[in-house]
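Have a look at the structure below, then the notes.
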Amino acid sequence: MVAFSGSGDSKQATNAYKDKSKPAEIRKSNISAAKAVADAIRTSLGPKGMDKMIQSANGEVAITNDGATILKQMNVIHPAAKMLVELSNAQDVEAGDGTTSVVVIAGALLEASEKLLQKGIHPTGISDGFQKAAAKSIEIIKNMATPILLTDRESLVKSASTALNSKVVSQQSSLLAPLAVDAVLKVVDPAKDTNVDLKDIKVIKKLGGTVEDTKLIDGLVFTQKSSNVNGPRKIEKAKIGLIQFCISPPKTDMDYNVVVSDYTAMDRVLREERAYILNIVKQIKKAGCNVLLIQKSILRDALSELAIHFLDKIKCMVINNIEREDIDYVCKTLNCRPIASLDHFVAENLVSADLVEDVMTGNSHFVQITGINNPGRTVSIIVRGSNKLVLEEAERSIHDALCVIRCLVKHRALLAGGGAPEIEISLKLAELARLVTGVDAYCYRAFAQALEVIPLTLAENAGLNPITTVTELRNRHSQGEVTAGINVRKGAITNILEENVVQPLLVSISAITLASETVRSILKIDDIVNTRGY
């Protein structure tokens with residue numbers, strides 16, 4: 001028994017005992033769960049990475065090796081593991097590529113932090129050390145980067161090809177990469193734009209044909225066929241009107257029943273309806289419109305059968321049921337404003353185009369408008385595929401290629417790929433670790449070793465000996481060969497720039513920043529509190 005003097009000391013004694021093992025167990029549990037997620041998608045990294053087949057609860061199957069897509073569809077229950085799913089999504093939003101790399105780096109950093117915790121280093125110390133190491137890493141890769149201009153189309157195509165080489169559709173990268181570059185360059189002004197709105201590039205999926213049939217259309221494409229029965233299928237020198245009113249009998253806002261007692265009353269109703277629709281069609285003809293785009297209506301049919309009959313007679317092509325969310329894109333492409341009432345349907349509000357045609361591909365139709373006078377900065381990409389799985393993966397791959405070009409518009413610099421930046425950071429941080437003192441030295445060294453996971457995994461997935469490959473790569477970098485990387489095609493270490501394997505600087509900066517932030521968040525957690533559900 002120990003005697004304490006004074007009331008303050010006795011208070012201290014009662015507060016002295018705390019359960020020290022619980023925070024350590026919680027940390028261990030969080031790190032294990034997050035590492036499990038990272039290990040699950042590690043085999044998908046790189047051009048020789050494996051694909052995952054994802055089966056949803058309703059039996060639908062998807063084949064992909066895109067990190068963000070795999071994690072999004074995974075049934076993750078542990079809250080710390082969910083943080084890695086969100087990390088992958090954040091990388092997808094910020095850079096669009098490197099979604100697998102960012103999770104693999106986060107998993108390696110967690111493993112490194114676990115070893116530091118076992119040495120007795122406090123989590124806050126590790127967290128601060130990792131923050132400093134991440135800042136130094138970004139400085140190192142910025143010095144490695146090569147500035148580029150958006151007029152250098154060849155460099156842009158190389159970086160898009162690198163992004164596509166790890167996808168299921170890698171064989172078609174020579175077709176899809178230039179297509180993605182041309183699409184982005186058409187919607188941006190290279191002189192002043194610092195971002196790309198990918199909503200200006202409409203990607204339309206059409207089943208049938210092969211991925212090689214994918215094409216870029218400088219104009220407007222509608223997925224539905226024209227609504228005409230006997231109307232024109234092709235119109236040259238078109239005058240296009242976009243309307244938001246309906247060409248059908250008016251309806252009240254509430255439910256109603258009309259009781260017709262005799263034939264004359266019924267005849268009068270039909271006559272009124274006919275006169276009402278005929279008046280609208282006459283106004284359309286008077287304005288000189290020969291292509292009519294109609295917004296989808298909620299309350300009633302936007303187009304009645306009688307209206308279609310009259311529009312066929314005046315040889316006007318009709319595209320019906322244009323979705324409300326597509327109206328902005330259509331207006332931007334045609335450089336027009338939607339016409340909300342019949343009074344405003346005049347020749348000045350119409351748009352001219354060289355050609356509007358209803359095109360048939362396989363079993364489906366689509367309408368395409370080309371040669372628009374004074375068009376907006378938008379393009380359409382029609383993606384083709386022999387089956388649903390290939391089509392969806394082709395769309396995801398094109399999205400990633402577009403995001404890579406967007407990264408280069410935001411931050412106009414390129415890095416060598418093939419694990420070169422990670423090894424360079426690893427070497428430079430290991431040198432810095434010898435110069436700093438205290439906990440930071442341990443953290444720098446751990447961060448440096450953790451980044452070697454990328455070249456290690458690339459070598460492993462390519463069927464090379466990972467230890468021999470990474471040792472040789474490290475040796476080449478220490479001799480000053482900054483652009484030496486793992487060439488998975490030849491199975492050797494070569495100057496990776498000669499193989500045209502390049503990646504945007506923003507992808508690497510974003511991956512290191514986001515991964516270190518997530519790891520720091522996980523390290524700072526010492527308890528999980530469950531709330532009561534009401």
Side-chain angles (χ1 to χ4, degrees), residues 202 217-250 271-297 299-360 365-380:
K202 196 172 187 186
I217 291 174
D218 193 5
L220 192 57
V221 175
F222 294 102
T223 48
Q224 62 268 55
K225 64 175 188 175
S226 63
S227 304
N228 303 71
V229 179
N230 298 315
R233 290 281 177 261
K234 181 178 176 182
I235 290 180
E236 292 175 359
K237 292 181 182 170
K239 290 279 184 187
I240 304 163
L242 172 62
I243 62 169
Q244 290 181 311
F245 57 86
C246 301
I247 313 179
S248 58
R271 235 186 0 259
E272 285 291 331
E273 185 183 315
R274 186 185 173 90
Y276 175 80
I277 290 170
L278 197 58
N279 178 41
I280 296 172
V281 173
K282 277 179 180 173
Q283 181 71 24
I284 290 168
K285 190 180 179 184
K286 186 182 170 187
C289 173
N290 54 10
V291 176
L292 196 63
L293 313 177
I294 306 175
Q295 183 181 311
K296 193 172 186 176
S297 174
L299 296 173
R300 57 184 166 134
D301 292 336
L303 194 66
S304 69
E305 287 184 10
L306 188 61
I308 293 171
H309 169 71
F310 286 141
L311 289 164
D312 278 353
K313 280 192 169 181
I314 64 164
K315 291 192 168 41
C316 179
M317 187 191 275
V318 184
I319 295 105
N320 192 13
N321 291 339
I322 296 169
E323 294 292 341
R324 195 171 286 260
E325 55 267 24
D326 291 341
I327 291 292
D328 281 347
Y329 175 80
V330 172
C331 290
K332 194 170 185 179
T333 307
L334 295 173
N335 223 338
C336 70
R337 286 168 63 192
I339 301 164
S341 70
L342 190 62
D343 301 337
H344 297 114
F345 200 98
V346 287
E348 295 86 69
N349 291 338
L350 302 182
V351 182
S352 302
D354 292 345
L355 182 66
V356 179
E357 61 179 329
D358 192 327
V359 183
M360 187 171 180
H365 287 256
F366 63 87
V367 176
Q368 79 180 35
I369 301 173
T370 49
I372 301 159
N373 291 3
N374 193 19
R377 284 185 176 272
T378 62
V379 289
S380 303

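Nothing here was measured: the structure is a model prediction, and the numbers come from that model.
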Side chains of Lys202 and Thr378: any donor to acceptor distance under 3.5 Å? no
Which one of Ile247, Leu242, Val281, Asn320 satisfies the side chain to side chain contact (heavy atoms under 4.5 Å, CB included) criterion with Leu292? Ile247
Supply the atom-to-atom distance Arg337 CZ to Cys331 SG, rounded to the nearest 0.5 angstrom. 9.5 Å
Minimum heavy-atom separation for Phe366 and Phe222, please, with both atom names. CB-O, 3.1 Å
Taking the side chain as C-beta and beyond, is there a heavy-atom pair between Ser352 and Lys237 under 4.5 Å? no
Main-chain N/O of His344 paired to Asn349 side chain as donor or acceptor, under 3.5 Å: yes
Does Glu325 have more than 12 heavy atoms from other residues, nucleotides or ligands lying within 6.0 Å of its CD? yes
Test your reading of the model: is there a side-chain donor-acceptor pair from Gln368 to the backbone of Ile217, 3.5 Å cut-off? no
Would one find more than 12 heavy atoms of other residues, nucleotides or ligands at under 6.0 Å from atom CD of Glu272? no
Nearest heavy atoms of Met317 and Ile235, plus distance in Å: CB-CD1, 3.8 Å
In Å and rounded to the nearest 0.5 Å, what is the CZ to NZ distance from Phe310 to Lys313? 7.0 Å
Ignoring hydrogens, what is the shortest heavy-atom contact between Leu350 and Gly288? Give both atom names and the distance. CD1-C, 4.1 Å
Any side-chain heavy-atom pair of Ile294 and Val318 under 4.5 Å: yes
Any heavy-atom pair between the side chains of Leu293 and Val291 that's under 4.5 Å? yes
Can you tell me how far the CG atom of Asp218 sits from the OG atom of Ser380, to the nearest 0.5 Å? 9.0 Å
Compare all side-chain heavy atoms of Asn321 with those of Ser227 and state whether any distance is below 4.5 angstrom. no
Note, Leu303 side chain near Ile308 side chain (heavy atom, < 4.5 Å): yes
Rounded to the nearest 0.5 Å, how far apart are CG of Asn290 and CD of Glu236? 11.0 Å
Distance check, rounded to the nearest 0.5 Å: Asp326 atom CG versus Lys332 atom NZ? 14.0 Å
Working to the nearest 0.5 angstrom, can you tell me the gap between Arg377 CZ and Asn335 CG? 11.5 Å
Judged by atom type as modelled, is there a donor-acceptor pair below 3.5 Å linking the side chain of Asn228 to the main-chain atoms of Cys316? yes
To check you understand the geometry: which heavy-atom pair defines the closest contact between Thr333 and Gly219, and what is its length? CG2-O, 3.9 Å
Kindly determine whether Val221 and Val359 satisfy side chain to side chain contact (heavy atoms under 4.5 Å, CB included), including the steps that lead there. CA-CA 10 Å; Val221 175; Val359 183; over 6 Å; no
Which residue in the set Arg324, Lys296, Gln295 passes side chain to side chain contact (heavy atoms under 4.5 Å, CB included) when paired with Gln244? Gln295
Should Leu334 and Pro375 count as side-chain neighbours, where that means a heavy-atom distance under 4.5 Å? no
Any side-chain heavy-atom pair from Ile369 and Ile240 closer than 4.5 angstrom? yes
Pair Ser248, Tyr276: side-chain N/O donor-acceptor within cut-off below 3.5 Å: no
Can you see which heavy atom on Leu342 is nearest to which on Gln283, and at what distance? CD1-CG, 3.6 Å
To check you understand the geometry: which heavy-atom pair defines the closest contact between Ile243 and Phe345, and what is its length? CG2-CE1, 3.3 Å
Any side-chain donor-acceptor pair under 3.5 Å between Asn230 and Asp312? no
